[in-house]
Amino acid sequence: MSTANFPPAGSGWIRGISVKQPHAACILAGAKTIENRPRAWSWRGWLLLHTSQRIDRPALRVPLIARTVRGRELPTGAVIGVARLTGCHQGPDGSPPCTEFAQPGAWHLEISDVQALALPIPARGLLGPWRPTEDLVDQVLQQLPHLRP
């Protein structure tokens, strides 16, 4: 991804990740500690957990996901929390998955320290790691002031 899509520097300590629902709700619930991606990410640090506009409807029929999101709202097109990206590894084909949510052959983003926002913040995201605007970061910090760098 080109950095030309990024807003001016200033929120360099945090990035965004866009994830379809119900996968984002599984991360927010603390059950999904791996996010599957087609490429490795070099970024490490805090991420805004953003929900894509569309819901992955077939995933709602997967028992593991259905149990995890039961009773949870599935907001779309919004930042719903923050998490820390601590590592990235590839799941080798044919080997046992590192977690129940890990897909073989995918790059696994290792996610921890997940914190939900009380109120989702409507926002646009991107597929790769993206740099949030200062305004968006300020709105998140109003709900999670302890995250200030």
Side-chain angles (χ1 to χ4, degrees), residues 1 5-7 11-91 93 96-149:
M1 170 188 300
N5 293 332
F6 289 167
S11 37
W13 63 277
I14 194 164
R15 294 287 185 274
I17 183 172
S18 296
V19 180
K20 283 184 182 178
Q21 289 286 27
H23 308 282
C26 290
I27 293 170
L28 204 59
K32 187 174 191 251
T33 58
I34 292 293
E35 172 57 17
N36 300 290
R37 293 291 156 142
R39 288 184 288 289
W41 283 26
S42 59
W43 171 258
R44 300 295 182 269
W46 286 105
L47 294 170
L48 299 182
L49 181 57
H50 173 266
T51 59
S52 302
Q53 290 290 338
R54 287 187 262 152
I55 293 176
D56 180 358
R57 299 265 176 221
L60 292 169
R61 292 187 293 276
V62 174
L64 175 64
I65 293 172
R67 282 191 309 272
T68 303
V69 301
R70 182 180 301 132
R72 292 183 172 269
E73 292 196 24
L74 301 176
T76 58
V79 173
I80 60 170
V82 298
R84 189 183 306 265
L85 176 57
T86 58
C88 180
H89 66 272
Q90 191 168 29
D93 287 323
C98 58
T99 75
E100 294 175 297
F101 287 95
Q103 295 173 353
W107 285 91
H108 300 159
L109 304 183
E110 301 164 16
I111 297 173
S112 65
D113 302 322
V114 178
Q115 299 171 54
L117 295 179
L119 300 170
I121 301 168
R124 294 181 59 174
L126 295 169
L127 284 180
W130 48 273
R131 224 178 259 181
T133 63
E134 287 295 325
D135 181 57
L136 181 55
V137 172
D138 287 345
Q139 290 179 62
V140 169
L141 292 176
Q142 286 176 3
Q143 295 186 49
L144 300 173
H146 63 282
L147 286 181
R148 290 194 187 281

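To the nearest 0.5 Å, the span separating OG1 on Thr76 from CD on Gln53 amounts to 5.5 Å. To the nearest 0.5 angstrom, Thr51 atom OG1 is 11.5 Å from Glu73 atom CD.
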Run the side-chain donor-acceptor check on residues 140-149: report pairs under 3.5 Å with partners two or more places apart or on a different chain.
residue : atom : partner : partner atom : Å
Gln143  : OE1  : Ala118  : N            : 2.9
Gln143  : OE1  : Leu119  : N            : 2.9
Gln143  : NE2  : Leu119  : O            : 2.9
His146  : NE2  : Gln115  : OE1          : 2.5

Which donor-acceptor pairs under 3.5 Å do the side chains of residues 54-68 make with protein atoms, sequence neighbours left out?
residue : atom : partner : partner atom : Å
Asp56   : OD1  : Ala59   : N            : 3.4
Asp56   : OD2  : His23   : NE2          : 2.9
Thr68   : OG1  : Leu64   : O            : 2.7

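The minimum heavy-atom distance linking Leu117 with Val79 is given by the pair CD1-O, 3.5 Å. Considering all non-hydrogen atoms of both residues, Pro38 and Trp107 come closest at O-CD1, 3.3 Å. Closest approach of Pro132 and Ile14 over heavy atoms only: CD-O, 3.5 Å. Here the closest heavy-atom approach between residue Ala25 and residue Val69 is recorded as CB-CG1, 3.7 Å. What you find for Trp43 and Trp13 is that their closest heavy atoms are CZ2-O, 3.6 Å. Closest approach of Gly81 to Leu28, counting heavy atoms only: CA-CD1, 4.2 Å.
Residues satisfying the side chain to side chain donor-acceptor pair (under 3.5 Å) test with Glu35, not counting sequence neighbours, are Lys32, Arg37. Remark: Arg84 pairs with Asp113 by the salt bridge (Lys or Arg N to Asp or Glu O under 4.0 Å) rule, at least two apart or across chains. Residues forming a side chain to side chain contact (heavy atoms under 4.5 Å, CB included) with Pro120 (at least two apart in sequence, or on another chain): Pro75, Ala78, Ile80. Considering only residues two or more places apart in sequence or on other chains, Ala106 meets the side chain to side chain contact (heavy atoms under 4.5 Å, CB included) condition with Asn36, Gln103, His108. With sequence neighbours left out, Thr33 forms a side chain to side chain contact (heavy atoms under 4.5 Å, CB included) with Thr99.
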**Study point:** Stepwise side chain to side chain contact (heavy atoms under 4.5 Å, CB included) test for His89 and Ile34
**Key:** CA-CA 10 Å; His89 66 272; Ile34 292 293; 3.9 Å; yes

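Counting non-hydrogen atoms of neighbouring residues, nucleotides and ligands closer than 6.0 angstrom, the CZ atom of Arg39 reaches no more than 12 such neighbours. Dense packing is recorded around CD of Gln90, with more than 12 heavy atoms of other residues, nucleotides or ligands lying under 6.0 Å away.
Within the 4.5 Å cutoff, no side-chain heavy atoms of Leu109 are placed close to those of Leu47. Looking only at side-chain heavy atoms (C-beta outward), Ile27 and Phe101 stay at 4.5 Å or farther from each other.
Ser18 places no side-chain N or O within 3.5 Å of a backbone atom of Ser52 that could act as its donor or acceptor partner.
Judged as a ring-ring contact (aromatic ring centres under 6.0 Å, His included), the pairs with a partner in residues 47-77 (not counting sequence neighbours) are, in order, His50-Trp130. Counting only residues at least two apart or on different chains, no side-chain hydrogen bond (donor to acceptor under 3.5 Å, both in side chains) pair has a member in residues 117-127.
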